[in-house]
Amino acid sequence: MQIDLTDEQRLLQDTCRDFAARELTPNAKRWDREHKFPQEAVKKAFELGLGGVAVPEEFGGAGMDNVSYALAIEEISRGCASVGVTLSVNNSLYCDPLVKYGTAEQKERFLKPFARGEKLGCFGLTEPQAGSDAAEQRTVATRKGDVYVVNGTKNWITNGPVADAMVVFTMTDLSKGTKGITAFVVETAAPGFLRQKADEKLGICASPSCTIFFENLEIPASQRLGQEGDGFKIAMGTLDGGRIGIAAQAIGIGRAAFEEARDYSKVRQTFGVPIAQHQAIQFMLADMATELDAARLLTLRAASMKDRGVRHSRESAMAKLYASEAANRVADKALQIHGGMGYSKELDIERHFRDARITEIYEGTSEIQRIVISSALLK
Ligand code: CAA
């Protein structure tokens with residue numbers, strides 16, 4: 001089994017690490033405080049080819065693999081978790097279904113500018129009553145000639161306030177359950193696409209999300225992704241890839257917390273020695289590093305299965321479940337190692353602690369990942 005990175009993967013990892021250290025880490029605290037979407041930093045990340053890392057070059061992407069994508073999201077999230085999820089949503093949740101299901105015309109208009117990073121995408125699955133139970137879609141699309149008329153509500157839409165287009169899921173036949181769900185791609189500037197004010201959240205405060213109302217939004221039939229009724233499988237398959245991105249984001253957050261705790265433990269003194277000399281601290285650091293490495297191996301395994309075209313629902317769920325829970329344990333220990341300073345807004349630790357929490361919730365809660373894993377085990 002080959003677990004070494006290729007030269008190309010290492011180069012991307014180093015490039016993203018340098019970029020994060022230069023452009024993200026020094027500013028992330030301020031963006032978080034100001035709840036500011038760091039548009040310029042996202043633009044610079046896009047200029048590095050991070051709009052569509054694994055999107056083929058012919059469709060505007062960097063043409064790399066999903067292992068590279070996971071490495072990139074980890075490095076970016078180590079600098080700023082909000083920028084990490086902004087990129088992850090554009091790559092996995094928006095571009096990926098267009099690569100797989102988009103027609104040539106849809107790819108030209110709705111994929112290329114997004115994979116090139118000139119525009120930003122979002123993903124409209126969640127509704128007020130359809131979070132974990134994604135099949136409970138209530139947004140209805142009714143066909144009228146060459147268009148579908150869409151009415152309904154989506155919420156918690158990451159990138160929603162700033163995105164140029166959305167991959168959106170609707171019910172075209174309420175009597176058919178999951179087989180009545182249909183996907184479309186639509187511009188956010190279309191009449192009837194009504195964005196509400198940005199959500200106020202505990203963490204990832206520089207990643208804007210919002211509720212969106214559709215009021216007689218007309219979507220041309222030519223913007224349907226796949227056939228009527230394909231939507232649920234498109235959503236689930238897309239999330240299999242998205243969960244790799246969130247696992248990588250969680251590892252990036254955990255690494256930031258771990259590295260800051262490790263460095264702090266070498267300078268903070270108690271009882272006449274640096275706290276790194278106390279076995280209590282050494283054991284915490286050992287556990288943190290081990291969990292992060294285990295999370296990365298699970299994540300890269302899922303990414304490499306995706307690269308090989310093998311079904312990876314279970315492996316992505318395992319990676320996302322383990323990485324998100326590990327990131328929270330790591331952030332908690334990092335805060336403990338910092339003592340009172342960890343609880344203070346002066347340092348970044350409290351932000352990592354808050355940012356880590358969402359990774360156990362979005363793109364499927366930990367409980368949903370356990371459902372996905374156990375149903376694969378018991379098939
Ligand atoms: N790939 C392809 N097909 C799949 C699939 C997958 N990964 N998962 C399920 N399917 C298929 C099944 O095979 C089944 O097909 P048949 O009817 O032909 O047999 C069909 O879909 C229905 O499957 P289930 O019976 O398993 O569906 P369910 O209603 O029980 O739901 C669930 C399964 C796993 C709980 C699902 O609802 C789920 O993943 N929920 C969580 C939703 C989620 O992750 N939301 C995240 C929103 S996006 C977000 O968070 C973005 C952000 O902010 C960053």
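Start at 1 and go down the list; that is how both ligands and their atoms are numbered.
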### Query
Take atom CZ in Phe59; do more than 12 heavy atoms of anything else shown fall under 6.0 Å from it?
yes
Could you go through ligand 1 and note, for every N or O atom, any protein N or O atom closer than 3.5 angstrom, writing the atom names and distance to 0.1 Å, or 'none'?
from: ligand 1; atom 1: 7 (N); to: Asp240; atom 2: OD1; distance (Å): 3.4
from: ligand 1; atom 1: 7 (N); to: Asp240; atom 2: OD2; distance (Å): 2.8
from: ligand 1; atom 1: 7 (N); to: Arg311; atom 2: NH2; distance (Å): 3.4
from: ligand 1; atom 1: 7 (N); to: Ser313; atom 2: OG; distance (Å): 3.3
from: ligand 1; atom 1: 17 (O); to: Lys179; atom 2: NZ; distance (Å): 2.5
from: ligand 1; atom 1: 18 (O); to: Lys179; atom 2: NZ; distance (Å): 3.1
from: ligand 1; atom 1: 18 (O); to: Lys233; atom 2: NZ; distance (Å): 2.9
from: ligand 1; atom 1: 37 (O); to: Ser132; atom 2: O; distance (Å): 3.3
from: ligand 1; atom 1: 37 (O); to: Ala134; atom 2: N; distance (Å): 3.4
from: ligand 1; atom 1: 39 (O); to: Arg243; atom 2: NH2; distance (Å): 3.2
from: ligand 1; atom 1: 40 (N); to: Ser132; atom 2: O; distance (Å): 2.8
from: ligand 1; atom 1: 44 (O); to: Arg243; atom 2: NH2; distance (Å): 2.9
from: ligand 1; atom 1: 44 (O); to: Gly364; atom 2: N; distance (Å): 3.0
from: ligand 1; atom 1: 50 (O); to: Glu363; atom 2: N; distance (Å): 2.8
from: ligand 1; atom 1: 53 (O); to: Thr158; atom 2: OG1; distance (Å): 2.7

### Message
Centroid separation under 6.0 Å, is that true for the rings of Phe169 and Phe123?
### Response
yes
With a cut-off of 3.5 Å and sequence neighbours excluded, list every side-chain donor-acceptor pair involving residues 281-290.
from: Gln282; atom 1: NE2; to: Ala276; atom 2: O; distance (Å): 3.0
from: Thr290; atom 1: OG1; to: Ala286; atom 2: O; distance (Å): 2.7

### Query
Sequence neighbours excluded, which residues qualify as ring-ring contact (aromatic ring centres under 6.0 Å, His included) partners of Tyr69?
none
Show which side-chain atoms of residues 174-185 pair as donor or acceptor with protein atoms under 3.5 Å away, not counting sequence neighbours.
from: Ser175; atom 1: OG; to: Asp173; atom 2: OD1; distance (Å): 2.6
from: Thr182; atom 1: OG1; to: Thr172; atom 2: OG1; distance (Å): 2.5
from: Thr182; atom 1: OG1; to: Gly229; atom 2: N; distance (Å): 3.0

### Task
Assess whether atom CD of Gln39 is packed by more than 12 heavy atoms of other residues, nucleotides or ligands within 6.0 Å.
no
